[in-house]
Amino acid sequence: MNTTVAFAAQAAAILMGFFTRVIFTRTLSEGYVGINGLFTDILNILSLSELGVGTAITYALYGPIAKKDIEKQQILMRMFRTFYRMTAAFVLTAGLCLIPFLNVLMKDRPDVDHLVLIYLLYLLNSVVSYLLIYKKTLVDAHQMNYITVLNHNGFLVLQDICQILVLLTTGNFVLFLIVAVVCTISGNICMSKKADALFPYLKEPCTKKLPKEERQDILKNVKAMLMHKLGNVIVNNTDNLLISSFVGVVTAGIYSNYYLVIGSIRQVLEQALLGVAASVGNLGVTEDKERVGKVFDQLFFMGYWVFGFAGICLFEMLNPFVELAFGSQYLFQREIVLVLCINFFINGTRRAVLIFKESMGLFWYDRYKAVAEAALNLGISIALVTHFGVVGVFVGTFFSTVLTSVWVEPYVIYKYRLKKPISTFFIKYGVYLAVMAFVWWITELICRLFTGGPFVSLIYRGIICVTVPNLLLWVVYRKTENWKKMEGLLHHVLRKILQIRGRRQS
C-alpha cells in the first residue's frame, strides 16, 4: 500500500515536471533552455563533494538498526550531519569561484539577461538541498523509503504548480528559480521534522564517538564512494557541458529536453527496483549465497526486461513526442536518439548489479573502475565530439561504460559475495543482449511500415511497442523460472491496485 502510494506520487511529480518543462520551453527562448541544462550539470559536478557518503552511511546503519542500537545510530547521524554541512560549504565556495569562467563554458553565449544572478539562484538551490535533508537517510535505512518519496515528490508537485503560474503570468525566469529555492528549503524542513517525530532520539544530545576501527571502515567506504561518485558525475553530468562548450548552448538545450524525458522514465523504473534496496542489504546479512544469487538473478532479469522494453519504446516514440511537446526545432537526428536509447538500456541492466553491490557494502573492490570510466568517457567524448558533433559525446559514454562498468561490477558481486565463476553471468548476459537486439529489430521493422504525422505516428508506434516486444520476450522466456517469478510479482501488484480501487469505490 505504502509503496504503491509512493510510486503514484513519484509518477505525479514526473508528469508535473514534464508539463512544467513544456510550458518553460514554449514560454522562454532557446537560450534559457540551454543555460538551464548547462547550470544544472555544473552544479551536479560540484556535488562530487558529497563523496557518496550517503550510501556509505546507509550501509553502516543497517547493523545498528537490526540490533536496535540507538546510540550508534545517533553517532552515525551526527557524522552524516557534519559531512553534509561541509559539503554545502564546499559547493557554495566552489560555485562562486566558477563565476569568472562561465563565458568559457558557453560557445555562442545566448542573449539572456541577469545571467550571473540566474547562476547564483541555481547555486543557492544546490547548497540548501544539503541542509537538514541528511535525516532522510535514517528513514530510508528503516525501509520507510515511501515517506521520503512522498515528501520529496509532494514538494516537487507544489513547486511545479507555482512555477507554471509564474511562467504563465509573468514569464520571469528569476522568479521561476526563486520558487524552486523556497520549495527546496520547505521540503527539507518538513522532512527533518518528520524524521524527528519518527526517531525522537535524533534530538537527544550525544557526545560519544565511534570506535576507531569502525570509523576507519566507514572512511574507507567513503573513499571508495568518492571514486564511484567521480565516475558517475563525469559520465552522467558532463554531456551538457561538453555539448555547450564544443557545439553550442542551444544544442545543449535540445539535449536537456531529451534528457528530461529519458531521465523521467529511468527514474520511475529505478524507483521500482530501488524499493528492494534495504531488504537486499538485510538479505546479505541473513541469507546464504545461494539464496542471494537467486534473488540477484531475478532482479537482474526484471531490470533487463523493463529497461529493454522501455528502451525500444523510447527509440520509436521519442522524436514524435518531442516534436509534439516542444516543437520541431528541438529534434535530434534518429541516429543520435538510437545511441541515447542504447545507453539507457545498458545502464538499466546495471541497476540490479548496483543495488546489490551498494546494499551489501561492496564499495571498495571496484573503486578504480570509476576513475578509469571517467577518464575514458572524457577522453573518448572529447576526441569524438570534435569530429562527429553531438553523437560523439554519447558514443563516448557508451564505450566508457561497456569497457568498465558492464563487466567489473558483476565481477565484484560474483567474486566477493556469491563466490561463483563470473563466466555463467556473462554467457547469460550475452544471450539476453542477443534476444533484446532481435526483439528491437523486429519492432523497428514493423514500425517502419507506417509513416505519418507526429501525433498519428506516436499512437501507431505506441500500440506496436506495447504489444510486440512484450509478446516476443514472453515467447522466449515464458518457461523460465525468472519469468514465473516476475509474473507472480505482476499479479501481486495488480491485486493491490484492484484492492485500492475497490476500497475507494466502497
Side-chain angles (χ1 to χ4, degrees), residues 3-4 7-8 10-11 14-15 261-276 294-321 334 337-353 355 428-450 452 455-498 501:
T3 303
T4 304
F7 189 80
Q10 185 170 41
I14 288 173
L15 286 173
V261 179
I262 295 174
S264 297
I265 301 298
R266 181 178 61 245
Q267 189 178 359
V268 171
L269 298 181
E270 286 183 355
Q271 185 61 44
L273 294 177
L274 279 172
V276 303
K294 286 183 179 180
V295 174
F296 172 76
D297 285 341
Q298 291 163 0
L299 190 63
F300 185 85
F301 178 77
M302 292 177 197
Y304 156 78
W305 185 304
V306 297
F307 277 95
F309 162 63
I312 293 172
C313 291
L314 283 170
F315 177 62
E316 299 297 342
M317 301 169 64
L318 198 49
N319 267 1
F321 184 78
R334 210 150 181 258
V337 179
L338 176 61
V339 179
L340 286 172
C341 293
I342 290 174
N343 285 344
F344 168 85
F345 168 63
I346 293 297
N347 282 301
T349 61
R350 293 172 53 207
R351 289 313 306 167
V353 180
I355 287 172
K428 184 182 296 184
Y429 191 23
V431 173
Y432 281 176
L433 292 179
V435 170
M436 191 61 70
F438 174 76
V439 171
W440 201 319
W441 177 63
I442 293 295
T443 307
E444 166 67 2
L445 289 180
I446 297 175
C447 286
R448 282 183 184 179
L449 296 176
F450 177 85
F455 180 73
V456 177
S457 180
L458 190 64
I459 295 175
Y460 171 79
R461 289 172 181 264
I463 295 172
I464 297 300
C465 290
V466 168
T467 55
V468 173
N470 287 315
L471 179 60
L472 292 175
L473 289 171
W474 176 80
V475 169
V476 174
Y477 296 113
R478 68 188 187 281
K479 295 183 179 179
T480 65
E481 189 65 31
N482 284 330
W483 162 251
K484 292 176 183 177
K485 182 68 176 180
M486 184 173 169
E487 185 181 32
L489 286 174
L490 291 173
H491 287 163
H492 176 73
V493 171
L494 183 60
R495 283 196 301 270
K496 287 285 187 181
I497 294 173
L498 292 175
R501 287 185 61 185

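Sequence positions, counted from 1, serve as the residue numbers for this chain. All of these numbers come straight from a predicted model, not from anything done at the bench.
Counting non-hydrogen atoms of neighbouring residues, nucleotides and ligands closer than 6.0 angstrom, the CZ atom of F450 exceeds 12 such neighbours.
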**OP:** Assess whether side-chain hydrogen bond (donor to acceptor under 3.5 Å, both in side chains) is satisfied between W305 and N470, documenting all intermediate values.
**Re:** CA-CA 8 Å; W305 185 304; N470 287 315; 3.0 Å; yes
Original post:
Hey, mind stepping through Y477 and N482 against side chain to side chain contact (heavy atoms under 4.5 Å, CB included) and telling me if it holds?
Top reply: CA-CA 8 Å; Y477 296 113; N482 284 330; over 6 Å; no
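Closest approach of G452 and S457 over heavy atoms only: O-CB, 4.2 Å. Contact record, F344 with A310: CE2-CB, 3.7 Å, taken as the closest heavy-atom pair. Closest heavy-atom contact between K485 and M302: CG-CE, 4.4 Å. Nearest heavy-atom pair across L269 and V306 is CD1-O, 4.0 Å.
Centroid-to-centroid, the aromatic rings of F307 and F345 stay 6.0 Å apart or farther.
Annotation: the span from Y432 atom OH to Y429 atom OH amounts to 11.5 Å, rounded to 0.5 Å. For the atom pair CE (M317) and SG (C447), the distance works out to 9.0 Å, reported to the nearest 0.5 Å. The OG1 atom of T443 lies 8.5 Å from the CD1 atom of I464; values are rounded to the nearest 0.5 Å. In this structure, CG on L338 lies 11.5 Å from CG on L318, to the nearest 0.5 angstrom. In this structure, the separation between OH on Y304 and CE on M436 is 4.0 Å, given to the nearest 0.5 Å. Here I342 contributes atom CD1 and L340 contributes atom CG; the two are 9.5 Å apart, rounded to the nearest 0.5 Å.
Counting heavy atoms from C-beta outward, W441 and I312 have side chains that stay 4.5 Å or more apart. For the pair E444 and F315, the minimum side-chain heavy-atom distance is below 4.5 Å. Counting heavy atoms from C-beta outward, I446 and Y460 have side chains that approach closer than 4.5 Å.
Listed by chain and residue number, nothing satisfies the ring pair (Phe, Tyr, Trp, His ring centres under 6.0 Å) test with F309 (two or more places apart in sequence, or in another chain).
Counting only residues at least two apart or on different chains, the salt bridge (charged side-chain N to carboxylate O under 4.0 Å, His left out) pairs with a member in residues 297-321 are D297-K428, E316-R334, E316-R461.
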